[in-house]
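Positions are given from 1 along the sequence.
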Amino acid sequence: MGLVWQLVAVTAIALIGGRGIAAVHEDNPWLTLVPGVLTAVLAVFGYGWVVRRTERRPAADVAGRGAGAALGVGTLIGLAVFGLVILPLATNGYYGINGRGSTTGAVGLVGFMAAAVAKTTRTSAFTLWRPQAVGEWQFWRSVPK
């Protein structure tokens, strides 16, 4: 049942944030960055809050300690996965870049992506994948006391 509450909490934050992004998207693409990043931050804090309530343990996967290094590693992994997706498309002629495009549109897209990534990775990957990958004993051993 804890997983359901975690999904509900983070999805609710993402839906509200998505409405905020949609509200400012047409007016000023630079403003899209603000609700996107705010939604990402709120999703992480919301997830941590609901994990502490439902699982009665510290939310070690969203702890502040080591967050900078984890952000760097996650960014590198994300760029690598993005490259692995785009590479076959580009080499087969299904992907191309025509011109530089809009800088403001790219900044707005970064804000939107921050919200989407925070929602999906924190909820699904850490909740469903981590205990099975390292084993229950090792997982609970890694949680700070």
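- Scanning for side chain to side chain contact (heavy atoms under 4.5 Å, CB included) contacts around R52 gives W49, A59, with sequence neighbours left out.
- Taking both residues in full, the closest heavy atoms of T91 and P88 are given as OG1-O, 3.1 Å, listed atom of the first, atom of the second, then distance.
- Within the hydrophobic cluster formed by Ile, Leu, Val, Met, Phe, Trp and Tyr side chains joined at under 4.5 Å, directly or through other members, I13 is accompanied by L38, L42.
- Under a cut-off of 6.0 angstrom, the local environment of CZ in R53 is crowded, with over 12 non-hydrogen atoms contributed by other residues, nucleotides or ligands.
- Across all their heavy atoms, V50 and W5 have their closest contact at CG2-O, 3.8 Å.
- Here the straight-line distance linking atom CD1 of I86 with atom OH of Y94 works out to 14.5 Å at 0.5 Å rounding.
- Residues V24 and P35 share a closest heavy-atom pair of CG2-CG, 3.9 Å.
- Separation of atoms CG (L87) and CG (N92) is listed at 9.0 Å; rounding is to 0.5 Å.
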Show me the donor-acceptor pairs within less than 3.5 Å that the side chains of residues 76-83 make with the rest of the protein, sequence neighbours left out.
none

